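One structure is given below, encoded as structure tokens.
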Amino acid sequence: MDLLQGLNEPQRAAVTHSDGPLLIFAGAGSGKTRTLTHRIAYLIQNGVSPHRILAVTFTNKAAREMRERLENLVGGVAKRMWLGTFHALCAQMLRIHGERIGLNPRFVIFDSDDQLRLMKEIVKDLNLDTQRFPPARMLGKVSDAKNELKTPEILASTATRPHERIYATIYQNYQRRLREQSALDFDDLLVEAVRLLKESPESLEHWSERFQHVLIDEFQDVNEAQFQWAQMLASKHKNICVVGDDDQSIYAWRGADIKIILDFEKNFPDAMVVRLEQNYRSTQNILDAAHGVISHNFGRASKQLWSEEKGGEPLVLHGALNAQEEALWVVRRIETLRREERFSLDDFAILCRVNAQSRPFEEAFLRNRVPLRLVGTQRFYDRREIRDVLAYLKFIYNPDDAISANRLINVPPRGIGTATVQKLENLAIEQGRSLGALLLDPETQKALSPAVARKIEPLQRLLLQIFAEANAVKTVADLLEKVLERTQLLDFLAGEKDGETIDRVANVEELVRAAEYFDLRMAEDVLETGETTDVWDESDPLRLGLFLGETALEGGTDKDAESDEAVTLMTLHAAKGLEFKVVFLVGLEEGLLPHARAIWGENAGDEQLEEERRLMYVGLTRGEKRILMSYAAQRTMHGRTESTQPSQFLNEIPGYLLQREGLAAQIGPRIVQNRSTSWGGYGGSGYGGNYASNRANLNDLPRPQTSSAPSFAGAKTEKSGDKPPTFRIGDKVKHGSYGDGLVVAASLSGGAGEWVEVAFLGEGIGKKKLIVAYANLEKAA
DNA sequence: ATGCACGTACTTTTT
DNA sequence: GTACGTGCAT
């Protein structure tokens with residue numbers, strides 16, 4: 001099979017590059033996955049054993065898709081590759097070698113719900129005010145630290161402000177509690193995998209020797225931990241191939257660091273760089289609009305998409321009165337487009353910034369009887385009833401898991417409330433054992449008051465019975481059925497009267513099916529490898545653990561993803577990587593896109609604004625044939641109706657590409673005169689919008705009382721720990737080719753470090769944005 | 001211990 | 001508007 005057939009020049013170069021680091025800038029719609037899969041197939045065709053290839057993605061979906069496409073190219077041998085998400089692959093490595101760094105191989109993975117429960121306990125135990133230290137935000141702090149591979153000790157030693165010390169203490173306690181129950185959270189999977197490679201030379205030797213080729217997808221989204229992990233795995237053979245697009249980096253809030261892709265050539269000086277700029281998806285008009293927007297970002301790797309598909313329809317911009325009218329307009333437009341241009345409902349996508357925008361669309365589509373499919377709203381495995389059942393399985397797998405023990409202790413309700421639980425926990429601390437160990441020990445009852453003992457007695461019997469039966473069970477599905485039977489959880493759910501009963505029962509049944517499917521896959525693996533083991537036999541803890549790992553790491557099946565023809569509604573984040581013939585970008589307003597937090601939130605700054613712009617770019621580049629955009633002049637949020645301004649990004653689309661409708665047609669060529677008046681707060685004019693060094697950790701200060709009027713009290717103070725800016729607003733500067741100028745905006749926060757905007761004095765030069773590190777710029781006297 | 005009612009605060013995106 | 005947390009009554 002000729003793997004090079006149908007590939008363009010740069011794609012071929014990427015596929016055939018033999019040894020050494022390779023960086024592929026793959027613009028939207030440039031055939032990225034095709035290039036990556038063909039490269040892997042090409043490696044295999046040229047004698048590299050699939051067993052020695054590691055391919056990493058961010059999402060399970062991407063991993064599945066890649067595997068599928070690879071199997072089409074090279075057949076079943078693709079199964080022998082290590083291909084999966086960062087988290088899944090790290091978990092796998094830790095199951096195999098984790099003991100070398102002191103991890104219990106039966107560790108459970110805490111997902112976000114477990115994490116939050118644990119964090120709530122920590123904050124409470126430390127007697128901290130949950131208003132000033134909201135558990136969810138504390139989790140974010142911990143996650144940030146982990147993404148940068150900072151231990152609690154490091155955080156403590158670098159803490160200067162009282163708040164920071166508290167964060168470090170919280171992190172420390174959180175981490176201790178995790179380890180006490182042999183639990184790892186999502187971030188731990190990466191952190192510990194890195195630690196394994198650093199602290200166990202044999203492990204590093206083993207894995208880095210094994211992986212002749214390491215390939216990473218969506219490289220613009222990696223964080224420090226992920227990067228180090230990949231780098232170490234590739235340290236032996238130096239064959240690290242990364243694919244990404246800095247313009248589509250939209251996960252900075254999750255620790256993704258765009259600098260890692262931008263600095264790749266610095267880290268690997270001998271890297272070959274390939275740019276995929278030919279776009280096979282969109283019309284040139286769409287690409288021009290997208291380029292108009294994204295080119296307002298800087299510190300980006302320079303590139304521009306082009307298409308052989310010249311021209312195309314203009315982009316439509318509609319101004320609606322409010323969100324209801326906006327939704328109605330979308331429905332009508334879809335109906336006419338379908339009639340006139342014979343599109344299928346599956347060809348349409350509505351992309352929004354936040355899930356909260358979906359309601360008016362659901363209503364409008366329902367009323368007009370147009371099927372609408374919502375994607376990615378709630379993860380299947382996150383549903384309460386599913387988590388209740390899973391708590392039992394997790395507890396069976398690892399009785400030290402106190403969060404699961406706590407969860408199942410009174411589900412279904414058996415009269416054990418906080419008071420009783422408190423007594424048990426005290427006893428656990430007294431005896432230095434876990435809550436689970438107490439629950440499973442018949443002796444425990446003797447140590448309790450008769451009243452408490454009577455309460456937990458039935459629970460204890462139930463658990464012991466389930467544990468005894470679990471030993472005899474052969475599959476995860478059987479175990480699950482046993483748990484359901486003994487706990488009568490289904491009866492409990494069926495008896496609840498909150499309107500969701502039917503869904504809940506159906507969901508649990510769906511979980512049983514997921515388990516059956518898992519067992520089936522396991523059985524197939526056994527056929528291939530010749531190994532057999534019982535589900536949760538001590539000799540192989542991997543089976544049940546593997547299933548639980550999947551429930552934590554995979555969202556679960558999108559229930560109606562592949563149902564009948566329907567229009568798709570999802571967030572811009574969820575849309576990355578997808579394409580649709582017709583894309584509606586809705587809610588294009590200041591405050592929504594760009595999101596309020598990026599313009600007038602506590603940490604607002606250019607970094608955030610640029611990420612919002614990339615979101616807009618991602619949205620635009622999803623469209624193949626048509627882009628239709630809309631905004632509402634009034635929008636109700638938090639129960640309050642406010643008038644809004646159209647998004648500033650609309651100004652960045654060349655006017656000749658736009659066809660205006662509704663309010664947008666009445667207003668005239670320029671849409672936004674003044675960026676941010678209608679929200680109150682500061683008037684936008686004085687700051688020129690670009691001054692971002694007010695990031696002086698405003699998040700560490702008490703929150704301002706009003707959410708709409710941010711306090712700029714700290715705006716002029718520099719964050720103490722940061723390196724000082726070279727240039728400040730008002731500085732006179734001299735540039736190598738542009739001559740003298742005045743700094744009008746400055747920030748330390750661009751993708752490529754410090755940048756300034758300079759108004760040059762010379763005729764016809766005007767204002768330029770410059771990256772300090774690259775520009776030939778110096779201070780003038 | 002449980003359930004209800006009220007008040008409050010909150011809202012981005014998710015592996 | 002909703003979801004959650006708190007406080008009260010059963």
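Within every chain, numbering begins at 1; the chains are lettered A, B, ... in the order of the sequence lines, protein sequences first and strands thereafter. What you see is a predicted model; the values in this text were computed from it and never measured.
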Atom-to-atom span, CE of A/Met637 to P of C/dG1 - whole angstrom: 15 Å
query: Looking at B/dT2, B/dT11, B/dA1, which one has an atom nearest to any side-chain atom of A/Asn410?
result: B/dT2
message: For B/dT14 and A/Ser143 - does any side-chain N or O of the residue sit under 4.0 Å from the phosphate oxygens OP1/OP2?
response: no
task: Kindly indicate, with the supporting measurements, whether the criterion side chain to side chain donor-acceptor pair (under 3.5 Å) is fulfilled by A/Glu457 and A/Gln445.
output: CA-CA 7 Å; A/Glu457 205 252 312; A/Gln445 292 196 35; 4.6 Å; no
task: By nearest nucleotide on DNA chain B, pick out whichever of A/Gln608 and A/Lys455 is the more 5' one.
output: A/Lys455
message: Nearest whole Å is fine: how far is B/dT11 P from A/Gln357 CD?
response: 17 Å
query: Just checking A/Ser112: base, sugar-phosphate only, or nothing, at a heavy-atom cut-off of under 4.0 Å?
result: nothing
- prompt: Would A/Glu589 and A/Ser647 count as having a side-chain donor-acceptor pair, cut-off 3.5 Å?
  reply: no
- request: Please say which of A/Leu609, A/Asp246, A/Ile258, A/Leu572 ends up in a side-chain contact (heavy atoms from CB on, under 4.5 Å) with A/Arg614.
  value: A/Ile258
statement: Taken to the nearest whole Å, CZ/A/Phe133 to P/B/dA9 is 18 Å
- prompt: Counting side-chain heavy atoms from CB outward, which of B/dT14, B/dT11, B/dA1 is closest to A/Tyr251?
  reply: B/dT14
task: Starting at atom CD of A/Glu611, determine the distance to atom C1' of B/dT14, rounded to an integer number of angstrom.
output: 13 Å
- prompt: Quick one: which of B/dT2, B/dT11, B/dT14 gets closest to the side chain of A/Trp253?
  reply: B/dT14
field: Atom pair CZ/CZ of A/Arg383 and A/Arg504 - distance to nearest 0.5 Å
entry: 9.5 Å
Closest-nucleotide ordering on DNA chain B, the 5'-leading residue of A/Glu612 and A/Gly417: A/Gly417
message: Distance check needed: B/dT14 P versus A/Asn60 CG, whole Å only.
response: 14 Å
message: What contact category does A/Asp221 fall into here, base, sugar-phosphate, or nothing, at under 4.0 angstrom with non-hydrogen atoms?
response: nothing
task: Would you kindly give the NZ-to-P distance between A/Lys576 and B/dT14, to the nearest whole Å?
output: 12 Å
- prompt: Do the two ring centres, one from A/Trp207 and one from A/Trp82, sit under 6.0 Å apart?
  reply: yes
query: Please give, in whole Å, the distance from B/dT14 P to A/Leu615 CG?
result: 10 Å
field: Minimum-distance nucleotide to A/Arg359 side chain [options: B/dT11, C/dT2, B/dT14]
entry: C/dT2
side-chain contact (heavy atoms from CB on, under 4.5 Å) partners of A/Ala63, counting only residues at least two apart: A/Thr57, A/Leu83
query: Using the benzene-type ring in the case of Trp, are the ring centres of A/Trp253 and A/Tyr251 under 6.0 Å apart?
result: yes
query: What integer distance in Å separates A/Asp187:CG from B/dT14:P?
result: 16 Å
task: Between B/dT14, B/dT13, B/dA1, spot the one nearest the side chain of A/Thr420, thanks.
output: B/dA1
Side chain of A/Ala419 - closest among B/dT14, B/dT2, B/dA1: B/dA1
Pairs under 3.5 Å (N/O, protein and nucleotides 4-10 of chain C):
{"unit_1": "C/dG5", "atom_1": "OP1", "unit_2": "A/Lys120", "atom_2": "NZ", "d": "2.9"}

query: Would you say B/dT13 has OP1 or OP2 under 4.0 Å from some side-chain N or O of A/Asn355?
result: yes
- prompt: Among pairs that include at least one residue of residues 185-196 of chain A, which meet salt bridge (charged side-chain N to carboxylate O under 4.0 Å, His left out), considering only residues two or more places apart or in two chains?
  reply: A/Lys146-A/Asp185, A/Lys146-A/Asp188, A/Arg179-A/Asp188, A/Arg179-A/Glu192, A/Glu192-A/Arg195, A/Arg195-A/Glu199
